[in-house]
Amino acid sequence: MTPKLLKWLYGLVGMVHLLGIVFNNQEILNATKPFLMPILLYYVYQSQIEQVTLNTILLWISLVFAWLGDLALMQGDTYFLLGVGMFFMAQLCYIFLFLKSVEEPIKLKFLPLLPYLLAGIFLFYILLPKTDELLIPVFIYGLSLIGMAGIARIRQGRTNIKSYRYVLIGTLLFLISDSLLALNKFVWDIPYAGIGIITTYMGAQILITEGVLQDN
């Protein structure tokens with residue numbers, strides 16, 4: 001199957017998954033979500049079959065951890081902490097990947113990172129008092145998530161513009177997706193949260209993937 005067809009398949013499976021959320025059909029949800037990340041993994045393989053690089057391998061590892069996180073979170077509260085741990089590992093891999101996939105070393109700059117710091121402080125202020133015994137793992141994961149998005153922001157000028165834009169938007173969507181998930185779980189019962197979470201998550205993963213492949 002060609003990379004183009006795999007992207008269509010990824011979108012199709014995602015649409016069916018959204019229908020499962022709309023109609024509250026657990027069988028559809030269980031039949032679709034486990035296939036999202038494997039489709040992206042195969043897409044990366046088909047796109048880079050003749051030119052596997054360290055970036056490709058790191059992207060693969062990130063997507064595998066995300067897939068394991070998806071599977072864990074599908075089991076409900078029982079494996080919630082395991083799911084957070086898997087996504088934490090995915091974020092660390094993304095951070096390392098973003099730091100490596102630049103033409104010049106990244107330098108920390110305060111102003112570009114300020115919106116991320118303010119968003120993180122605001123989110124932690126609302127979220128952490130509600131997390132009880134999960135405060136520490138949620139805080140650590142939140143730091144990794146904000147750090148991943150922040151590093152994507154300061155890649156500007158150190159990689160090609162397409163890669164920068166895809167990864168930047170993808171990481172912002174990831175930040176939105178996980179923020180919705182956490183707020184819906186710990187703070188508010190957000191209407192149609194599942195639709196927002198999975199839509200932004202799917203968009204995040206395909207855009208980050210495309211951005212990384214633009215660097216290879």
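Please read all numbers here as calculations on a predicted model, not as lab measurements.
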Can you check whether [X] reaches [Y] side chain to side chain, under 4.5 Å on heavy atoms?
X    : Y    : result
Y10  : M15  : no
Y94  : L63  : yes
P34  : D70  : no
Y116 : L172 : yes
F87  : F65  : no
V13  : I39  : yes
T171 : F98  : yes
P112 : Q156 : no

How many angstroms lie between atom [atom1] of [X] and atom [atom2] of [Y], to the nearest 0.5 angstrom?
X    : Y    : atom1 : atom2 : answer
I151 : L97  : CD1   : CG    : 10.5 Å
F174 : I208 : CZ    : CD1   : 6.0 Å
T78  : L73  : OG1   : CG    : 11.5 Å
W60  : W67  : CH2   : CH2   : 10.5 Å
T56  : Q48  : OG1   : CD    : 4.0 Å

Is it the case that [X] and [Y] place a side-chain donor and acceptor less than 3.5 Å from each other?
X    : Y    : answer
D178 : Y201 : no
Y166 : Q214 : no
R155 : S163 : yes

Answer yes when E210 and K7 have at least one side-chain N-carboxylate O distance shorter than 4.0 Å, and no when they do not.
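A salt bridge links E210 with K7.
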
Are K185 and F80 in a cation-pi contact, defined as NZ or CZ under 6.0 Å from the six-membered ring centre and within 45° of the axis?
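Yes, K185 lies over the aromatic ring of F80.
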
More than 12 heavy atoms from other groups under 6.0 Å of [atom1] on [X]:
X    : atom1 : value
F96  : CZ    : no
I161 : CD1   : yes
R165 : CZ    : no

Nearest heavy-atom neighbours spanning [X] and [Y]:
X    : Y    : value
N25  : E27  : OD1-N, 3.0 Å
G203 : L173 : C-CD1, 3.8 Å
P137 : V84  : O-CG1, 4.2 Å
V167 : A152 : CG1-CB, 3.7 Å
A90  : S62  : CB-O, 3.6 Å
L29  : M74  : O-CE, 4.3 Å

Determine whether [X] and [Y] fall in the same hydrophobic cluster, where Ile, Leu, Val, Met, Phe, Trp and Tyr are linked whenever their side-chain heavy atoms lie under 4.5 Å apart.
X    : Y    : answer
I121 : F186 : no
I190 : L127 : yes
I21  : I28  : no
L117 : M148 : no
I126 : L118 : no

